[in-house]
Trainee: 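Quick one: the structure is below, questions incoming.
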Amino acid sequence: MTRALVTGVSGQDGYLVAQQLLRDGVEVYGLARSADTDVPAETRVLVGDLLDHDSLRAAVAEAQPDELYHLAAPTYVPDSRTDPERTRREIVDATQVLLNAAPARIFVASSAEIFGAAESSPQSETSARRPRNPYGEAKLAALEAVSAARARGAHAVAGILYNHESTRRPERFVPRRVSVGVAKIKLGLADELTLGDLEAVRDWSAATDLMRGAVLALRHEQPDDYVLASGVGRTVRELVEVAFAHAGLDSEGRVGIDPQFTRGVEAVPLVGDPSKARRVLGWEPQVSFEELIAQMVDFDIERLR
């Protein structure tokens, strides 16, 4: 039986990868900060922390995985500006430890934030990397560590992940903020949804699709890096309209703007080019943008009801 270790197993990505692996008949160990955490049934939880390198090594030694999916990391980009040193330790140093400890294949999650102030759109694996924040800088350093490990002969793979969502996404992220806000308006619990810049462009995908791509990438015979994205840029306004329409509501007069939620609009939008993943891995998204938003709106309506 194949054995896998998934870091960040209680987070959105780790949870979804663990679910997929368990369905595939894989024995799954999951690394989490606490033994008392929400993980898929049959997952064997190991306690560890990205800042505690001994706990990372101990988890690898205990699990002895054939596949290691390193998905744990701080995920909220603005937080990296308040403590960049901690961000680097959690992302870069932890990745280095796992690359050195992994006995077999390892997948490391990178981010579209490595492209930052992009020169062109869409971005591919060969696009210029120009991070604009400590999070992007750390993710780029971790990606370079993966490349170095691969040059030494390791089966090390990186996924350059663009925005990916699910019902497990925290509400501080825009798509869940929208789905929760629309659900509250639908149920009469709120009158208005408050957001930042409606013209900001993002490349949103279903997290299940990108995590399926992560598994395909790790299991390919030739280790490499892959952009995993929808390849389509959409504005926050489009997201809002799809969500309201699915709930049978008119957004007119129901969306307010608060500058505190504005991150700033990139001169060149971060939109991924997943051509390589499609060509080499045979990866194709299975959930459309409209289906993804519908899933989240339906989930939040039922949850709040």
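Keep in mind that what you see is a predicted model, and the values were worked out from it rather than measured. Both backbone and side-chain heavy atoms feed into the values below; hydrogens, waters and symmetry mates do not.
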Trainee: Could you tell me whether the side chain of Asp225 reaches within less than 4.5 Å of the side chain of Ser147, counting heavy atoms only?
Mentor: yes
Trainee: Tell me, please, which residues at least two apart from Ser124 pass side-chain hydrogen bond (donor to acceptor under 3.5 Å, both in side chains).
Mentor: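 Checked Ser124 against side-chain hydrogen bond (donor to acceptor under 3.5 Å, both in side chains); matches are Thr126.
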Trainee: Find out whether the Lys NZ or Arg CZ of Arg176 is both under 6.0 angstrom from the six-membered ring centre of Phe173 and within 45° of the ring's axis.
Mentor: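 Relative to the ring axis of Phe173, which defines the angle, Arg176 lies outside at least one limit.
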Trainee: Do you know which two heavy atoms are closest between Thr7 and Ala72, and how far apart they sit?
Mentor: OG1-N, 3.0 Å
Trainee: Determine, step by step, whether Asp273 and Gln123 satisfy the side-chain hydrogen bond (donor to acceptor under 3.5 Å, both in side chains) criterion, reporting the C-alpha distance in whole Å, the side-chain angles of both residues, the deciding distance to 0.1 Å, and the verdict.
Mentor: CA-CA 5 Å; Asp273 177 1; Gln123 299 85 40; over 6 Å; no
Trainee: Using a strict threshold of under 4.0 Å (side-chain N to carboxylate O), is an ion pair present between Arg305 and Glu302?
Mentor: yes
Trainee: Mind checking side-chain hydrogen bond (donor to acceptor under 3.5 Å, both in side chains) for Asp36 and listing every partner two or more places apart, or none if nothing turns up?
Mentor: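 With sequence neighbours excluded, Asp36 shows a side-chain hydrogen bond (donor to acceptor under 3.5 Å, both in side chains) to no residue whatsoever.
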Trainee: Quick one: side chain to side chain contact (heavy atoms under 4.5 Å, CB included) partners of Glu144, sequence neighbours excluded?
Mentor: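 Leu140.
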Trainee: Working note: Asp258 + Leu195, criterion side chain to side chain contact (heavy atoms under 4.5 Å, CB included); need CA distance, chi angles, decisive distance, verdict.
Mentor: CA-CA 6 Å; Asp258 187 335; Leu195 295 169; over 6 Å; no
Trainee: Nearest 0.5 angstrom please: Met211 CE to Tyr15 OH, how far?
Mentor: 15.5 Å
Trainee: If we only count heavy atoms from C-beta on, is the Pro65 to Val60 side-chain gap below 4.5 Å?
Mentor: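 The answer is yes, as the side chains (C-beta and beyond) meet within the 4.5 Å cut-off.
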Trainee: Look only at the side chain of Asp203 and the backbone of Ala229, and say whether a donor-acceptor pair between them is shorter than 3.5 Å.
Mentor: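 No, the answer is negative, given that no donor and acceptor are paired below the 3.5 Å cut-off.
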Trainee: Minimum heavy-atom separation for Leu143 to Ser110, with atom names?
Mentor: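 Closest approach of Leu143 to Ser110: CB-OG, 4.1 Å.
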Trainee: Treating Thr43 as the side-chain partner and Gly30 as the backbone partner, does any N or O pair qualify as donor plus acceptor under 3.5 Å?
Mentor: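 Judged by distance alone, no pair lies under 3.5 Å.
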Trainee: With Thr2, which residues qualify under side chain to side chain contact (heavy atoms under 4.5 Å, CB included), at least two apart?
Mentor: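 Testing Thr2 for side chain to side chain contact (heavy atoms under 4.5 Å, CB included), a comparison that skips the adjacent residues, returns Val26, Asp66, Glu67.
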Trainee: Report the distance from atom NZ of Lys139 to atom CG of Asn133, rounding to the nearest 0.5 Å.
Mentor: 12.0 Å
Trainee: CD/Glu165 to CD/Gln295 distance, rounded to the nearest 0.5 angstrom?
Mentor: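 Output value for this atom pair is 12.0 Å.
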Trainee: Tell me, with the steps shown, if Ser205 and His164 meet side-chain hydrogen bond (donor to acceptor under 3.5 Å, both in side chains).
Mentor: CA-CA 5 Å; Ser205 297; His164 49 291; over 6 Å; no
Trainee: Take Gln12 and Thr167 through the test side chain to side chain contact (heavy atoms under 4.5 Å, CB included) and record every step on the way to the result.
Mentor: CA-CA 9 Å; Gln12 170 187 263; Thr167 57; over 6 Å; no
Trainee: Please report the shortest heavy-atom distance between Ala206 and Val287, naming the atom on each side.
Mentor: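 Looking at all heavy atoms of both residues, the closest pair is CB-CB, 3.7 Å.
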Trainee: Set out, in order, the CA-CA distance, both residues' side-chain angles and the distance that settles side chain to side chain contact (heavy atoms under 4.5 Å, CB included) for Leu50 and His70, then state yes or no.
Mentor: CA-CA 11 Å; Leu50 294 178; His70 180 35; 3.8 Å; yes
Trainee: Could you tell me whether the side chain of Val157 reaches within less than 4.5 Å of the side chain of Val108, counting heavy atoms only?
Mentor: no
Trainee: Identify the two heavy atoms, one from Leu161 and one from Ala109, that lie closest to each other, and give their separation to 0.1 Å.
Mentor: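 Heavy atoms of Leu161 and Ala109 come nearest at CD1-CB, 3.8 Å.
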Trainee: Could you walk me through whether Asp49 and Ser55 satisfy the side-chain hydrogen bond (donor to acceptor under 3.5 Å, both in side chains) test, starting with their C-alpha distance in whole Å, then the side-chain angles of each, then the deciding distance to 0.1 Å, before giving a yes or no?
Mentor: CA-CA 7 Å; Asp49 189 279; Ser55 73; over 6 Å; no
Trainee: Can you check side chain to side chain contact (heavy atoms under 4.5 Å, CB included) on Val255 and Leu198, steps first, answer last?
Mentor: CA-CA 10 Å; Val255 180; Leu198 296 181; 4.2 Å; yes
Trainee: Going by heavy atoms in the side chains, are Arg237 and Val242 under 4.5 Å from each other?
Mentor: no
Trainee: Taking the side chain from Glu62 and the backbone from Ala59, do they hold a donor-acceptor pair closer than 3.5 Å?
Mentor: no
Trainee: Tell me which pairs pass salt bridge (Lys or Arg N to Asp or Glu O under 4.0 Å) where either residue lies in residues 89-102, with sequence neighbours left out.
Mentor: Arg33-Glu90, Arg86-Glu90
Trainee: Partners of Glu192 by side chain to side chain contact (heavy atoms under 4.5 Å, CB included), sequence neighbours excluded?
Mentor: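 Glu192 satisfies side chain to side chain contact (heavy atoms under 4.5 Å, CB included) with Thr194 only.
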Trainee: Could you tell me which residues satisfy side-chain hydrogen bond (donor to acceptor under 3.5 Å, both in side chains) with Asp191, sequence neighbours excluded, listed by chain and number?
Mentor: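 By the side-chain hydrogen bond (donor to acceptor under 3.5 Å, both in side chains) rule, Asp191 matches no residue at all.
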Trainee: Any donor and acceptor pair, going by atom type alone, linking the side chain of Glu125 with main-chain N or O of Val227 inside 3.5 Å?
Mentor: yes
Trainee: Considering all heavy atoms of both residues, which atom of Ala63 and which atom of Leu5 are nearest to each other, and what is their separation?
Mentor: CB-CB, 4.3 Å
Trainee: Does Arg132 come within less than 4.0 Å of Glu113, counting only side-chain N to carboxylate O?
Mentor: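 Answer for the salt bridge query: no.
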Trainee: Closer than 3.5 angstrom, by distance alone: can the side chain of Arg150 be matched with the main-chain N or O of Ala156 as a donor-acceptor pair?
Mentor: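 Answer holds: yes.
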Trainee: Partners of Glu238 by side chain to side chain contact (heavy atoms under 4.5 Å, CB included), sequence neighbours excluded?
Mentor: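 Once residues adjacent in sequence are excluded, the partners of Glu238 under the side chain to side chain contact (heavy atoms under 4.5 Å, CB included) criterion are Arg234, Thr235.
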Trainee: Pairs in or reaching into residues 7-26: which pass salt bridge (Lys or Arg N to Asp or Glu O under 4.0 Å), with residues at least two apart or in two chains?
Mentor: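 Passing the test, one end in residues 7-26: Asp24-Arg219.
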Trainee: Can you list every side chain to side chain donor-acceptor pair (under 3.5 Å) pair that touches residues 243-255, not counting sequence neighbours?
Mentor: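 Sorted pair list: Glu241-Ser251, His246-Asp298.
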Trainee: Working to the nearest 0.5 angstrom, can you tell me the gap between Tyr226 OH and Leu281 CG?
Mentor: 4.5 Å
Trainee: Within the 4.5 Å heavy-atom criterion, are Arg212 and Trp283 side-chain neighbours or not?
Mentor: yes
Trainee: Report the distance from atom OG1 of Thr95 to atom CZ of Arg88, rounding to the nearest 0.5 Å.
Mentor: 10.5 Å
Trainee: Measure the shortest side-chain to side-chain distance between Leu98 and Gln96 over non-hydrogen atoms and say whether it is less than 4.5 angstrom.
Mentor: no
Trainee: Considering residues, nucleotides and ligands other than Arg3, do more than 12 of their heavy atoms fall under 6.0 Å from its CZ?
Mentor: yes
Trainee: Provide the closest heavy-atom pair for Glu119 versus Ala128 in the form atom of the first, atom of the second, distance.
Mentor: OE1-CB, 3.5 Å
Trainee: A side-chain contact here means heavy atoms from C-beta on lying under 4.5 Å apart; do Val180 and Arg303 qualify?
Mentor: yes
Trainee: Side-chain contact, heavy-atom cut-off 4.5 Å: Val178 with Leu193?
Mentor: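 Yes; the side chains approach each other to less than 4.5 Å.
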Trainee: Parallel, tilted or perpendicular: which fits the ring planes of Phe107 and Tyr69, with parallel below 30° and perpendicular above 60°?
Mentor: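 Because their plane-to-plane angle lies in the 30° to 60° range, the rings of Phe107 and Tyr69 count as tilted.
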Trainee: For Asp224, enumerate each residue passing the side-chain hydrogen bond (donor to acceptor under 3.5 Å, both in side chains) test, keeping only those at least two apart in sequence or located in another chain.
Mentor: Lys276
Trainee: Can you name the residues that form a salt bridge (Lys or Arg N to Asp or Glu O under 4.0 Å) with Arg105, not counting sequence neighbours?
Mentor: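 By the salt bridge (Lys or Arg N to Asp or Glu O under 4.0 Å) rule, Arg105 matches no residue at all.
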Trainee: How many angstroms lie between CG in Leu189 and CD1 in Ile301, if you round to the nearest 0.5 Å?
Mentor: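 Answer for the CG-CD1 pair, Leu189 versus Ile301, is 10.5 Å.
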